[in-house]
Structure formats: C-alpha cells, structure tokens
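Owing to the predicted nature of the structure, the values given are computational and were not obtained by experimental measurement.
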Amino acid sequence: MARRLRPVGLEFAESAPLRLVFAREVSAPPETVYRALAEDTANWPEWFTAVTLCRPTEGADGGKGREVRLKGGTRFWETVVATDVAERYAYRVDESNAPGLRALLEEWRLTPAGTGTRVQWTFAADGAAPFRFTLKLARAGMGRAFRDAVTNLDRRLAAANA
C-alpha cells in the first residue's frame, strides 16, 4: 500500500538524516549523460538493472514526475525538482510502498571530467529507525548497484555514439 511521504526540497540532499553518496566517471560528455537521465527516462531499466519501470507522469505539484518500480516490488511516485541541463537532475518521492520511509530525494550531479563526466548520485532519506538501520546495511549493495548502472549507461552511450 502506497503512503504519502513528507515533501522535501533540494536542500534535503545536504541535510537529510541519512545520505548515501556515490560517484563514478564515464566517458560521455555531461550533456549526453543528462539526456539519458532526464529525457530518456523510459530506458532506465535497460541500464539500471534494479529498475523495472520508469515512466514520465505529472508530478504532485502539476510539474514533471515519474513512476518508478524496482525489482522486489518497491514503487515510487516522484516529482522532478531540478533539471539543470548537463549539471543536475533531482527528484523527490511523493508516495511509496517502501516500509518506514518518510522522505526521499535523489540528486544526480554531473561535472566535466576531461572529455567525460563525473556522475555523483546522492540518496537522501529519512525514515523510521528500522528503515535507517536497514539502509545503512544496504550501503555496499547500493554502491554496487550504482557502479554497475553507471558502467552500463557508459557502455550504452558509447555504443549509441559509435
């Protein structure tokens, strides 16, 4: 059963009680990576294997949103809160069926790195004590999922430009 989460703004990426931050470099330029993240959302499952569905919707405030489903059945209904082309893509979760979750914001920051891009993903969350404990235990697995996803995305973008 989905529940409404506490709405948060971009500042939550820095102030959340629990922040997981991962970074990796890819060979594609920031503009190309940004398009894959923010404009080609339907194809997320092709490179982020934990994602089974990602489709654009209307956000809670009438703006852009997304519906995301993960392996295992977790679902998110999100509102996009930042679309700084080639620099940042961020969204907050408005509703979810994840137990114990109270607030969640994800921010993808893109910075030039030579001819490629440094991709940084911040997972900023708040939840009940069992949720926070579980998320801390899941840190390594989330890091691997991020690393694998960004590696897959890099290969996908390289193949598209070959």
Legend entry - Contacts of type salt bridge (charged side-chain N to carboxylate O under 4.0 Å, His left out), residue Glu95, not counting sequence neighbours: Arg4

Legend entry - Test salt bridge (charged side-chain N to carboxylate O under 4.0 Å, His left out) applied to Glu14 - qualifying residues, sequence neighbours left out: Arg19

Heavy-atom pair with the smallest gap, counting every atom of [X] and [Y]:
X: Arg75; Y: Asn97; answer: N-OD1, 2.7 Å
X: Ala125; Y: Leu135; answer: CB-CD2, 4.1 Å
X: Leu104; Y: Phe76; answer: CD2-CE2, 4.0 Å
X: Pro30; Y: Thr111; answer: CG-C, 4.4 Å
X: Arg102; Y: Ala128; answer: NH2-CA, 3.4 Å
X: Phe131; Y: Leu101; answer: CZ-CD1, 3.5 Å

Legend entry - Residues that, via side-chain heavy atoms closer than 4.5 angstrom, fall in one hydrophobic cluster with Leu137: Phe133

Legend entry - Partners meeting side chain to side chain donor-acceptor pair (under 3.5 Å) with Arg6 (sequence neighbours left out): Asp126

Inset, instruction - Before accepting this row, confirm whether a basic side-chain N of the pair Glu78/Arg92 lies closer than 4.0 Å to the acidic partner's carboxylate O. - result: no

Legend entry - Sidechain N-carboxylate O distance under 4.0 Å for Glu58, Lys64: no

Legend entry - Any Val21 side-chain heavy atom under 4.5 Å of Gln120 side chain: yes

Inset, instruction - Decide yes or no for Thr122 and Leu20: does some side-chain heavy atom of the first lie under 4.5 Å from some side-chain heavy atom of the second? - result: no

Inset, instruction - Indicate whether the side chain of Ser96 and that of Arg3 have a donor and an acceptor atom separated by less than 3.5 Å. - result: no

Inset, instruction - Mind running salt bridge (charged side-chain N to carboxylate O under 4.0 Å, His left out) on Arg88 and Glu107 for me, showing each step along the way? - result: CA-CA 7 Å; Arg88 175 171 57 180; Glu107 177 185 62; 3.4 Å; yes

Inset, instruction - Check ring-ring contact (aromatic ring centres under 6.0 Å, His included) between Trp121 and all other residues, then give those that pass, not counting sequence neighbours. - result: Phe22, Trp108, Phe123, Phe146

Legend entry - Under the ring-ring contact (aromatic ring centres under 6.0 Å, His included) test, residues paired with Phe12 that sit two or more places apart: none

